Amino acid sequence: MSEVTASTPSPAAPKKMDDIVALCRRRGFIFQSSEIYGGINGFWDYGPLGTALKRNLKNAWWNDVVERELIGPDGNSVDIVGVDCTIIMNPKTWVASGHVGGFNDPMVDCRESKQRYRADHLAVLGSTAAGSRLYAFVENDDEQRAAAVKALTKYEKRDALDQAVHILRPFMTISAEERARTMGPHAKEAGTLTEPRQFNLMFETNCGAVKDESSLAYLRPETAQGIFTNFWNVCDSTRVKVPFGIAQIGKAFRNEVTPRNFTFRSREFEQMEIEFFIRPDTANEWYKWWRDWRFSWWQKIGLAGANLILREHDRDELAHYAKEGAGTSDIEYRFPFTAPGFGELEGIAHRADFDLKAHATHCGKGDKMRYFDQEKNDRYFPHVIEPSAGADRGTLALLCEAYTPDPTRASGVYMNFTPRMAPVKAGVFPLVNKDGLPEIAERLYRDLRRKHSIEFDEKQSIGKRYARMDEAGTPYCITIDHDGASSGTATIRHRDTQAQDRVALDQIPMWLDERVS
RNA sequence: GCGGGUGUAGCUCAGUGGUAGAGUGUCACCUUGCCAAGGUGAAUGUCGAGGGUUCGAAUCCCUUCACCCGCUCCA
């Protein structure tokens, strides 16, 4: 960890994840997927309020990234176009990206040493004598092989050694009974190795009626490859010129070994990704600009406190595609379940030309697919700066950040979403359910609803209605009272302070527009 | 994947072998009228699931699922 940037040094509020999960369920933010059947590990559904919150987050991202003008480090407008690609792609995509191959292998865990080995790289050495110990070692590791031989000769009595027929076999071929008396390479006791297990993180499916090798397909484990494979299409069909970006919001799937921490590590999740294509010699300045702009964006939508940090990766934790280059950094949030540590919201990586080159090579056209830079009269594979954010993680961070315990108020808690992110922008209430107040309130409600998400409630006491809106995170509550009915005004209650303004009815639409847009 | 913990009403929980409960919330009506007020009434349970023991299981046993915590993993 070489660089940490925090906005303010204030300590994190003591929030309990269980309480946040309970509120999410109680108020309809997030439910367990297929809960009536006992749920399913790693999958979550959004309820009415959660769907609105997540949609607000995605809309804000799309709006700020693709639609609104953004000024880049060179003072020019940043050019970004959108795509929306399929979840299932030609399987060759995942060979080119490196997802098939490196992560498809059977692995063996050692319960004692906590080491993990490629099962097809392990071999065992031992004797055929009944019940004798076997010694596992990594085949191409001479040191381990020597250690295994030494351990074997030390373990077996000399006469047994003379008579015993020694075996040397791949670990993959031994039985469960033999495995139970096998010593792991780093273990002190026998029988600590698990059976070989596939750790393929990609979900598999079959495309077409026939289920065989030829129909095998994968659910995409990241949205990025849809962008890379469409790079040439976008160049040919639009008038984009490097530097430019392609943005996409979409679902991705990873068969995580251990889904954990509410929606933080789900097996089905949504990404908001930009692949920004640049000339290789401008990587540093674009990388820094994207990193800083993305950090300030998260702050702007409501993660402004000390719980948000920007963390530059150390060299040794860089991904295979980012070893050389401008760098990689994470925007991280201090979730209640990671505190005092942080969990990743977005990664900003300089992926160099790894992906475009890989696809050019695998599709067989190679250098012919280089980008032609008319201005410089130069051909090259553009480098890529990738800001890749998690929509579900972002939503979860907004929920955690907004959750504000307040024992002094009836609800005991309120959600202080920024108005732009709030699922409901305002509640409109008649103070009493008579004397013509409901009619006035309903007219105002219908007027405001033409542009915003508004809730109308005439039931029960006004305090109850305020309390419900506090838990939904609604920033404003507009109440028609008797004074207002006669003077053409209403009171507007501010969620965070509980203070009230009196505003003329005909001014309220504009008043609200200014604050929630 | 390993170890530990927890599953009973929307939520918080009580109930240790003998009729499934409380508070709170939700809904309706009355009343009141600016912060979950009061009154009356109502609805709501696969006691996580499956199996076993037993005359009888929310309760004991086995298996399994889900969630939480610590490891592991996170290309």
Side-chain angles (χ1 to χ4, degrees), chain A residues 16-28 31-44 47 94 97-105 107-116 192-202 221-222 224 254-262 264-267 269 317-322 330 336-338 343-344 347 349 390 406 408-414 427 429-435 437 459-471 477-484 490-495 497-500 502:
Chain A
K16 286 205 216 115
M17 202 55 211
D18 286 351
D19 296 337
I20 296 174
V21 172
L23 182 136
C24 283
R25 170 172 178 69
R26 190 167 72 240
R27 288 300 171 201
F31 307 121
Q32 235 186 320
S33 171
S34 41
E35 191 195 65
I36 60 167
Y37 293 110
I40 176 167
N41 195 345
F43 297 88
W44 300 89
W94 309 112
S97 68
H99 288 83
V100 174
F103 305 98
N104 245 342
D105 308 303
M107 304 296 283
V108 172
D109 286 315
C110 176
R111 294 189 192 92
E112 182 194 314
S113 68
K114 305 295 184 191
Q115 297 277 323
R116 175 169 288 176
T192 61
L193 294 178
T194 63
E195 62 182 324
R197 292 171 300 208
Q198 291 285 346
F199 275 82
N200 183 6
L201 261 50
M202 282 197 291
E222 62 177 32
R254 290 182 198 179
N255 203 354
E256 296 285 355
V257 178
T258 314
R260 211 35 105 69
N261 292 328
F262 203 28
F264 183 78
R265 177 167 296 127
S266 301
R267 290 184 163 133
F269 56 98
E317 59 176 320
L318 294 180
H320 58 95
Y321 51 74
D330 282 347
F337 49 80
T338 58
E344 183 186 347
D406 180 359
T408 69
R409 59 175 87 192
S411 55
V413 62
Y414 65 103
F429 312 137
L431 181 60
V432 296
N433 199 8
K434 59 184 180 187
D435 304 333
L437 269 43
K459 302 286 186 186
Q460 299 174 317
S461 74
I462 194 71
K464 256 183 195 189
R465 286 176 273 170
Y466 287 154
R468 274 196 286 258
M469 289 292 99
D470 279 348
E471 280 199 331
C477 287
I478 304 166
T479 302
I480 311 293
D481 60 359
H482 289 95
D483 291 351
T491 61
I492 301 182
R493 171 191 184 266
H494 295 254
R495 176 196 60 207
T497 61
Q498 303 182 78
Q500 290 180 316
R502 188 168 283 280

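Chain letters run A, B, ... following the sequence lines, proteins first, then strands; residues in each count from 1. The shown structure was predicted, so the numbers you read here are calculated from the model rather than taken from an experiment.
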Separation between the [atom1] atoms of [N] and [M], rounded to whole Å:
N     : M     : atom1 : answer
B:A75 : B:G7  : P     : 35 Å
B:A28 : B:C71 : P     : 49 Å
B:U59 : B:U6  : P     : 15 Å
B:A22 : B:C2  : C1'   : 40 Å
B:C30 : B:G23 : P     : 25 Å
B:A57 : B:U44 : P     : 25 Å
B:G41 : B:C47 : C1'   : 27 Å
B:G52 : B:C67 : P     : 28 Å

What is the minimum heavy-atom distance between [X] and [Y], and which atoms define it?
X      : Y      : answer
A:R25  : A:E35  : NH1-OE2, 3.0 Å
A:D406 : A:Q498 : OD2-NE2, 4.4 Å
A:T338 : A:G343 : OG1-N, 3.9 Å

Provide, to the nearest angstrom, the distance between the [atom1] atom belonging to [X] and the [atom2] atom belonging to [N].
X      : N     : atom1 : atom2 : value
A:F264 : B:C73 : CZ    : P     : 16 Å
A:D19  : B:C69 : CG    : P     : 13 Å
A:I492 : B:C35 : CD1   : P     : 18 Å

State plainly whether the residues A:R27 and A:E471 are in salt-bridge range, i.e. N to O under 4.0 Å. yes
Rounded to the nearest 0.5 Å, what separation is found between the [atom1] atom of [X] and the [atom2] atom of [Y]?
X      : Y      : atom1 : atom2 : result
A:T491 : A:I480 : OG1   : CD1   : 7.5 Å
A:I462 : A:N433 : CD1   : CG    : 11.0 Å
A:M469 : A:F429 : CE    : CZ    : 5.0 Å

Just to be sure I understand the rule, does [X] reach a base, reach only the sugar-phosphate, or reach nothing, if contact means heavy atoms closer than 4.0 Å?
X      : answer
A:G28  : nothing
A:E471 : base
A:F262 : sugar-phosphate

Would you say A:M202 and A:N255 make side-chain contact, with heavy atoms under 4.5 Å?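 Result no, sub-4.5 Å side-chain heavy-atom pair not found.
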Validation row: A:I20, A:P336 side chains within 4.5 angstrom (heavy atoms): yes
What do the steps show when you test A:R502 against A:D481 for salt bridge (Lys or Arg N to Asp or Glu O under 4.0 Å), and what is the final call? CA-CA 11 Å; A:R502 188 168 283 280; A:D481 60 359; 2.7 Å; yes
Hey, what are the protein-to-nucleotides 5-10 of chain B N/O distances that come in under 3.5 Å?
{"unit_1": "B:G10", "atom_1": "O3'", "unit_2": "A:R25", "atom_2": "NE", "d": "3.0"}

Under 4.0 Å between a side-chain N/O of A:N41 and OP1 or OP2 of B:C67, yes or no?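 So the side-chain polar atoms of A:N41 do come within 4.0 Å of the phosphate oxygens OP1 or OP2 of B:C67, strictly under.
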Please tell me which of the listed nucleotides, B:A36, B:G70, B:A75, lies nearest to the side chain of A:R254?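 For A:R254, the side-chain atoms sit closest to B:A75.
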Strictly by modelled atom types, are A:S411 and A:Y466 linked by a side-chain donor-acceptor pair under 3.5 Å? no
Can you list everything that forms a side chain to side chain contact (heavy atoms under 4.5 Å, CB included) with A:V21? Sequence neighbours excluded, please.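 With neighbours one apart ignored, the set is A:M17, A:F262.
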Quick one: side chain to side chain contact (heavy atoms under 4.5 Å, CB included) partners of A:E222, sequence neighbours excluded?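 A:E222 satisfies side chain to side chain contact (heavy atoms under 4.5 Å, CB included) with A:W94, A:H99, A:A224, A:Q225, A:R254, A:Q271, A:R351 only.
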Would you tabulate the pairs of protein nitrogen or oxygen atoms and nucleotide nitrogen or oxygen atoms of nucleotides 40-50 of chain B closer than 3.5 angstrom?
{"unit_1": "B:U46", "atom_1": "O4", "unit_2": "A:I36", "atom_2": "O", "d": "2.5"}

Cation-pi check for A:F43 against A:R267: NZ or CZ below 6.0 Å from the six-membered ring centre and within 45 degrees of the axis, yes or no? no
Evaluate the criterion salt bridge (Lys or Arg N to Asp or Glu O under 4.0 Å) for residue pair A:R493 and A:D470; output intermediate values, then yes/no. CA-CA 11 Å; A:R493 171 191 184 266; A:D470 279 348; 3.1 Å; yes
Find the partner of [N]: check Watson-Crick (N1-N3 plus N6-O4 or O6-N4) and G-U wobble (N1-O2, O6-N3) distances, both under 3.5 Å, and reply none if neither fits.
N     : value
B:C34 : none
B:C71 : B:G1
B:U6  : B:A66
B:U16 : none

Of A:R267 and A:E256, the one whose closest RNA chain B nucleotide lies more 5': A:R267
Could you write nucleotides 24-34 of chain B as a row of B, S and -, 5' to 3', where a protein heavy atom under 4.0 Å of any base atom gives B, of only sugar-phosphate atoms gives S, and otherwise -? --SSSS--SBB
Protein-nucleotides 12-14 of chain B N/O pairs closer than 3.5 Å?
none

